[in-house]
Amino acid sequence: MKSKFTGLSEDEVVRSYNLHGDNSLVKEKKKGFIKRFFENLSDPIIRILFLALGLQLIVSLGNVNYFELGGILVAILLSTTVSTISEYRSDNSFEKMVRESKDGLISVLRGGKLEKINASNIVVGDLVYLS
């Protein structure tokens, strides 16, 4: 079976690379767990919980109900901790996936021939062969 698709020529690959760059992901500086935790304290839901904590303190000026205050604080800490752990694990999984896929070979159609190239060498316009 003859295909009408030939893929990119070498000149088109160079032009696409110069215009769009390579297929590698930009690595961002990794945030530590503590920094991420404090950033998550600014989440809108956490802000609402802080507001509830402040209102509870104002309303109960002389009669502080420590169980309610403790419950709100536990909710804040628990929510922020779970969110931070989830983000931290997701970032670690993503980094692992990037490391593993960096050296993977991908089949592309270029100049009418099926070639195996590194995943980072794919350019915009490449016809990727999936099997």
Side-chain angles (χ1 to χ4, degrees):
M1 178 165 96
K2 185 109 170 136
S3 173
K4 65 179 177 177
F5 298 108
T6 60
L8 298 176
S9 68
E10 286 301 315
D11 290 339
E12 291 171 323
V13 170
V14 170
R15 265 184 274 148
S16 181
Y17 179 82
N18 289 336
L19 185 62
H20 302 288
D22 64 357
N23 191 43
S24 61
L25 297 171
V26 178
K27 188 171 183 176
E28 293 181 5
K29 186 178 176 186
K30 189 174 178 181
K31 295 178 186 175
F33 186 83
I34 300 297
K35 183 175 182 177
R36 189 180 305 264
F37 179 84
F38 284 111
E39 285 179 359
N40 284 338
L41 286 174
S42 65
D43 183 82
I45 298 296
I46 301 302
R47 288 182 180 182
I48 291 170
L49 287 172
F50 275 125
L51 180 64
L53 181 67
L55 288 174
Q56 179 64 27
L57 282 171
I58 292 170
V59 169
S60 63
L61 282 175
N63 282 345
V64 177
N65 186 340
Y66 294 107
F67 289 111
E68 287 182 14
L69 290 178
I72 295 172
L73 279 173
V74 166
I76 290 170
L77 292 175
L78 187 62
S79 176
T80 305
T81 302
V82 168
S83 174
T84 304
I85 289 171
S86 175
E87 287 179 19
Y88 197 74
R89 285 182 180 166
S90 294
D91 283 352
N92 287 341
S93 296
F94 181 73
E95 285 181 15
K96 182 180 177 186
M97 181 189 69
V98 168
R99 279 193 309 272
E100 289 175 357
S101 69
K102 200 179 226 182
D103 299 326
L105 292 177
I106 305 294
S107 297
V108 296
L109 187 63
R110 285 189 177 168
K113 295 184 288 184
L114 198 59
E115 298 180 15
K116 289 202 179 267
I117 62 172
N118 284 334
S120 61
N121 292 335
I122 295 174
V123 296
V124 174
D126 266 332
L127 295 175
V128 178
Y129 180 77
L130 301 176
S131 61

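Scope of the values below: all heavy atoms of this structure, side chains included, with no hydrogens, waters or symmetry mates.
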K.L.:
For residues 105-112, tabulate all N or O donor-acceptor pairs below 3.5 Å that involve a side-chain atom, not counting sequence neighbours.
P.N.:
residue	atom	partner	partner atom	Å
Ser107	OG	Lys116	NZ	3.3
Arg110	NE	Asp126	OD1	2.9
Arg110	NH2	Asn121	O	3.1
Arg110	NH2	Asp126	OD2	2.7

K.L.:
Please check if Leu57 and Leu41 belong to a single hydrophobic cluster, counting links between Ile, Leu, Val, Met, Phe, Trp and Tyr side chain heavy atoms closer than 4.5 Å.
P.N.:
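Both belong to a single hydrophobic cluster.
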K.L.:
Which pair of non-hydrogen atoms, one from Asn40 and one from Ser83, has the smallest distance, and what is that distance?
P.N.:
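That would be ND2-OG, 3.6 Å.
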K.L.:
Could you state whether Ile58 and Ile72 fall into the same hydrophobic cluster, counting links through intermediate Ile, Leu, Val, Met, Phe, Trp or Tyr residues with side-chain heavy atoms under 4.5 angstrom apart?
P.N.:
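No, Ile58 does not connect to Ile72 through the hydrophobic network.
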K.L.:
Can you measure from CZ (Phe33) to CD (Glu87) and round to the nearest 0.5 angstrom?
P.N.:
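So the gap between those two atoms works out to 10.0 Å.
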K.L.:
Please round to the nearest 0.5 Å and tell me the distance separating atom CD1 of Ile85 and atom OG of Ser90.
P.N.:
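Reported value, rounded in 0.5 Å steps: 11.5 Å.
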K.L.:
Does atom OH of Tyr17 have more than 12 heavy-atom neighbours from other groups under 6.0 Å away?
P.N.:
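Atom OH in Tyr17 is not packed in, count stays at 12 or less.
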K.L.:
According to a 4.5 Å side-chain heavy-atom criterion applied to Ile, Leu, Val, Met, Phe, Trp and Tyr, with indirect links allowed, do Val123 and Ile117 form part of one hydrophobic cluster?
P.N.:
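Looking at the clustering, Ile117 is in a separate group from Val123.
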K.L.:
Which value, rounded to the nearest 0.5 Å, describes the distance between Arg15 atom CZ and Asp11 atom CG?
P.N.:
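Spacing of CZ (Arg15) from CG (Asp11) equals 6.0 Å.
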K.L.:
Report the hydrophobic cluster partners of Val82, with the cluster defined as I, L, V, M, F, W, Y residues connected by side-chain heavy atoms closer than 4.5 angstrom, directly or transitively.
P.N.:
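Besides Val82, the hydrophobic cluster comprises Leu78, listed by chain and residue number.
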K.L.:
For the hydrophobic clusters of this structure (ILVMFWY residues joined by side-chain heavy atoms under 4.5 Å, transitively), does one cluster hold both Tyr66 and Leu53?
P.N.:
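Yes, because Tyr66 and Leu53 connect within a single hydrophobic cluster, where side-chain heavy atoms sit under 4.5 Å apart.
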K.L.:
Enter the distance from Ile76:CD1 to Thr81:OG1 here, rounded to the nearest 0.5 Å.
P.N.:
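It comes to 11.0 Å.
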K.L.:
Side-chain heavy atoms under 4.5 Å apart, restricted to Ile/Leu/Val/Met/Phe/Trp/Tyr: what other residues fall into the cluster of Val59, or is it alone?
P.N.:
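ILVMFWY cluster around Val59 holds nothing else.
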K.L.:
Determine all donor-acceptor pairs shorter than 3.5 Å in which one atom belongs to a side chain in residues 42-51; sequence neighbours excluded.
P.N.:
residue	atom	partner	partner atom	Å
Ser42	OG	Glu39	O	2.7
Asp43	OD2	Ile45	N	3.1
Arg47	NE	Ser42	O	3.1

K.L.:
Go through the steps for Ser16 and Val124 under the test side chain to side chain contact (heavy atoms under 4.5 Å, CB included), then give the verdict.
P.N.:
CA-CA 6 Å; Ser16 181; Val124 174; 3.6 Å; yes
K.L.:
Go through the structure and list residues passing side-chain hydrogen bond (donor to acceptor under 3.5 Å, both in side chains) with Ser9, not counting sequence neighbours.
P.N.:
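Partners of Ser9 by the side-chain hydrogen bond (donor to acceptor under 3.5 Å, both in side chains) criterion, ordered by chain and then number, come out as Glu12.
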K.L.:
Inspect the contact between Asp91 and Arg36 and indicate whether a charged nitrogen and a carboxylate oxygen are less than 4.0 angstrom apart.
P.N.:
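Answer for the salt bridge query: yes.
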K.L.:
Can you name the residues that form a side-chain hydrogen bond (donor to acceptor under 3.5 Å, both in side chains) with Gln56, not counting sequence neighbours?
P.N.:
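Gln56 satisfies side-chain hydrogen bond (donor to acceptor under 3.5 Å, both in side chains) with Glu68 only.
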